[in-house]
Amino acid sequence: LKQKAEVWEKNAKTVVWARVSGSKDIFGIFAIEDRLKDSSPIAIKKLQTLGVKIMLLTGDNMLTAKSISERLGISEVFASLLPDGKAEII
């Protein structure tokens, strides 16, 4: 399961591990994906040409965040953040 989870995370998916309450055994995993709009990379590129500093701040793990940032052309990435952590960076 761990190998499958790593593959999903590298493909910009958030992995959810499932187990029965009270048990330590994992019985499955599933992935959640936020799809990027087709216009997102174009909008990011336009903002960058205008001199706007673009950063990705996310609660997702770094593997997922890097996958998304590469698709969007964003080089500065902060992952595994809670809302207050994002506010501090902004």
Side-chain angles (χ1 to χ4, degrees):
L1 293 177
K2 187 174 181 177
Q3 290 175 334
K4 184 65 174 177
E6 287 179 10
V7 169
W8 283 342
E9 288 174 339
K10 288 178 184 175
N11 288 295
K13 294 173 175 62
T14 299
V15 176
V16 178
W17 297 81
R19 67 178 175 86
V20 175
S21 180
S23 171
K24 293 183 181 181
D25 297 328
I26 302 294
F27 72 83
I29 60 174
F30 60 96
I32 301 169
E33 177 181 19
D34 291 327
R35 296 191 185 242
L36 298 176
K37 292 182 180 179
D38 292 338
S39 60
S40 295
I42 298 164
I44 297 292
K45 184 68 85 183
K46 282 184 181 180
L47 290 168
Q48 289 169 330
T49 61
L50 294 172
V52 176
K53 182 177 180 178
I54 305 294
M55 298 183 291
L56 176 62
L57 287 75
T58 181
D60 288 325
N61 67 65
M62 188 55 85
L63 275 176
T64 300
K66 283 286 188 185
S67 177
I68 293 168
S69 69
E70 289 170 5
R71 291 183 195 179
L72 294 173
I74 299 172
S75 59
E76 200 164 351
V77 180
F78 298 87
S80 301
L81 296 173
L82 296 173
D84 60 330
K86 295 174 189 177
E88 284 180 32
I89 293 169
I90 292 172

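All of these numbers come straight from a predicted model, not from anything done at the bench.
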(request) Begin with the C-alpha distance, continue with both residues' side-chain angles, and end with the deciding distance and a verdict on side chain to side chain contact (heavy atoms under 4.5 Å, CB included) for Val77 and Met55. (result) CA-CA 6 Å; Val77 180; Met55 298 183 291; over 6 Å; no
Could you pull out every donor-acceptor pair under 3.5 Å between side chains of residues 10-19 and any protein atom, sequence neighbours left out?
from	atom 1	to	atom 2	distance (Å)
Asn11	ND2	Val7	O	2.8
Thr14	OG1	Asp60	OD1	2.9
Arg19	NH1	Ser23	O	2.6

(request) Drop me the distance from Ile74's CD1 to Ile44's CD1, to the nearest 0.5 angstrom. (result) 4.5 Å
(request) Any chance you could measure Ser75, atom OG, to Lys53, atom NZ, to the nearest 0.5 Å? (result) 9.0 Å
(request) Tell me whether Leu56 is reachable from Ile54 by hopping between hydrophobic residues (I, L, V, M, F, W, Y) whose side-chain heavy atoms are closer than 4.5 Å. (result) yes
(message) I'd like to know if Ile90 and Phe78 are part of one continuous hydrophobic network [Ile/Leu/Val/Met/Phe/Trp/Tyr, side-chain heavy atoms within less than 4.5 Å].
(response) yes
(request) For the residue pair Phe27 and Val20, establish whether any side-chain heavy-atom pair is separated by less than 4.5 Å. (result) yes
(request) Verify the neighbour count for atom NZ of Lys46: are there more than 12 heavy atoms of other residues, nucleotides or ligands below 6.0 Å? (result) no
(request) Drop me the distance from Leu47's CG to Lys45's NZ, to the nearest 0.5 angstrom. (result) 11.5 Å
(request) Measure the spacing between CG of Leu81 and CG of Leu57 and express it to the nearest 0.5 Å. (result) 5.5 Å
(request) Might you confirm whether atom CG of Asp84 has over 12 heavy atoms from other residues, nucleotides or ligands at distances under 6.0 Å? (result) yes
(message) On a heavy-atom basis, which atom in Ile29 and which in Ala5 lie closest, and how many Å separate them?
(response) CD1-N, 4.0 Å
(message) Starting from Leu72, can I reach Met62 by hopping between I/L/V/M/F/W/Y residues whose side chains sit under 4.5 Å apart?
(response) yes
(request) May I ask you to test the Asn61-Glu9 pair for a side-chain heavy-atom distance under 4.5 Å? (result) yes
(message) To the nearest 0.5 Å, what is the distance between OG on Ser40 and CZ on Arg71?
(response) 11.0 Å
(request) Measure the OG1-CH2 distance between Thr64 and Trp8 for me, rounded to the nearest 0.5 Å. (result) 12.0 Å
